[in-house]
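Labels below follow one simple rule: chain letters A, B, ... track the order of the sequence lines, proteins then strands, and each chain is numbered from 1.
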Protein chains: 2
Amino acid sequence: MTYGNIFLALGDPTRRSVLEALRHQPMTVGMLAKQMPVSRPAVSQHLKILKEAELVTVTPKGASNEYALNRKGLDEIRAWLDSMWDDSLEAFKAHVDQKPENNN
Amino acid sequence: MTYGNIFLALGDPTRRSVLEALRHQPMTVGMLAKQMPVSRPAVSQHLKILKEAELVTVTPKGASNEYALNRKGLDEIRAWLDSMWDDSLEAFKAHVDQKPENNN
DNA sequence: TTTATTGGTAAGTCATGACTTACGGTAATA
DNA sequence: TATTACCGTAAGTCATGACTTACCAATAAA
């Protein structure tokens, strides 16, 4: 279950703040830490988790590392949501289609 | 931030199992607990969190309570995902549209 | 090469939360 | 009414995880 990490990553408010900051433009760790209420190591640890969940990407820029949004992780969440509704509609359809005969 | 509770709720694998079980049909607490590796009180506590996140609804059925999927919570997640992409596209558009003049 | 900037990691603390058993309260049944 | 099923909550335990400071590696500048 690959989206397990993703939901876990999105469960933390600080990590969501990081993602929401990265919506507007890619940022380095220092830039992110400066506008957040936690320390730089904390941000670094969060970024590690976000990276493993494929919610962000890293590209080294000299001495600093630039982080950007990664579409992949968010797409998986969307797929999970879609699957929830597919199955739900299936169940509804089965409910509508049910007939007294042929229920083996 | 209303989706805070929702992401928190979805972060737990047991709660996701509950939701995925409810995709197919509404179920009582006992039915859910029977097909899960945790105790009934644990399921009950999870359902409380899912209910507060508007991911499930409850309807009393005599002595038992029937839980069903609630579209509302999942829709909010979808809206959050959409907002991420809207802003991301905005940023991309701003990047493409940028010209040497008029950058005040 | 020395010095400063950037950032990842280690180690430790502390809060939170995911379980358990025990209990009480309500609705169906005998 | 007495009994049985169903379920929510209280209390307590234990693991996890979100922080901190301290340290180390790598790049950029003096």
Would you kindly give the CG-to-C1' distance between N65(B) and dG8(D), to the nearest whole Å?
-> 9 Å

Remember a base hit wins even if backbone is also touched, and classify P60(A) as base, sugar-phosphate or nothing at under 4.0 Å, heavy atoms.
-> nothing

Just by modelled atom types, is the W80(B) backbone N or O under 3.5 Å from a matching donor or acceptor in the S83(B) side chain?
-> yes

Sorted by first residue and then second, give each salt bridge (Lys or Arg N to Asp or Glu O under 4.0 Å) pair with at least one member in residues 47-71 of chain B; sequence neighbours left out.
-> E54(B)-K72(B), K61(B)-E66(B), R71(B)-D75(B)

Side chains of L47(B) and V29(B): does their closest heavy-atom pair fall under 4.5 Å?
-> yes

Check residues 6-15 of chain B and write down every donor-acceptor pair under 3.5 Å in which the side-chain atom is one partner and the other belongs to a residue at least two apart or another chain.
{"from": "D12(B)", "atom 1": "OD2", "to": "T14(B)", "atom 2": "N", "distance (Å)": "3.0"}
{"from": "D12(B)", "atom 1": "OD2", "to": "R15(B)", "atom 2": "N", "distance (Å)": "3.1"}
{"from": "R15(B)", "atom 1": "NE", "to": "A9(B)", "atom 2": "O", "distance (Å)": "2.8"}
{"from": "R15(B)", "atom 1": "NH1", "to": "H46(B)", "atom 2": "ND1", "distance (Å)": "3.1"}
{"from": "R15(B)", "atom 1": "NH2", "to": "L8(B)", "atom 2": "O", "distance (Å)": "3.3"}

Stepwise side-chain contact (heavy atoms from CB on, under 4.5 Å) check, L55(B) with L19(B) = CA-CA 8 Å; L55(B) 288 164; L19(B) 288 181; 4.2 Å; yes

Between T14(A) and V29(B), whichever has its closest DNA chain D nucleotide further toward 5' is V29(B)

DNA chain C: first to last nucleotide in contact with chain B (atom under 4.0 angstrom from a heavy atom), 5' to 3', is dA18(C) to dA28(C)

Look at all strands and tell whether S39(A) reaches a base, only sugar-phosphate, or nothing, counting heavy atoms closer than 4.0 Å.
-> base

Atom CG of L32(B) and atom C1' of dG8(D) are separated, to the nearest Å, by 15 Å

dC7(D), dC23(D), dT27(D): which one has an atom nearest the side-chain heavy atoms of A63(A)?
-> dT27(D)

Mind checking whether L22(B) and Y67(B) have side chains closer than 4.5 Å, heavy atoms only?
-> yes

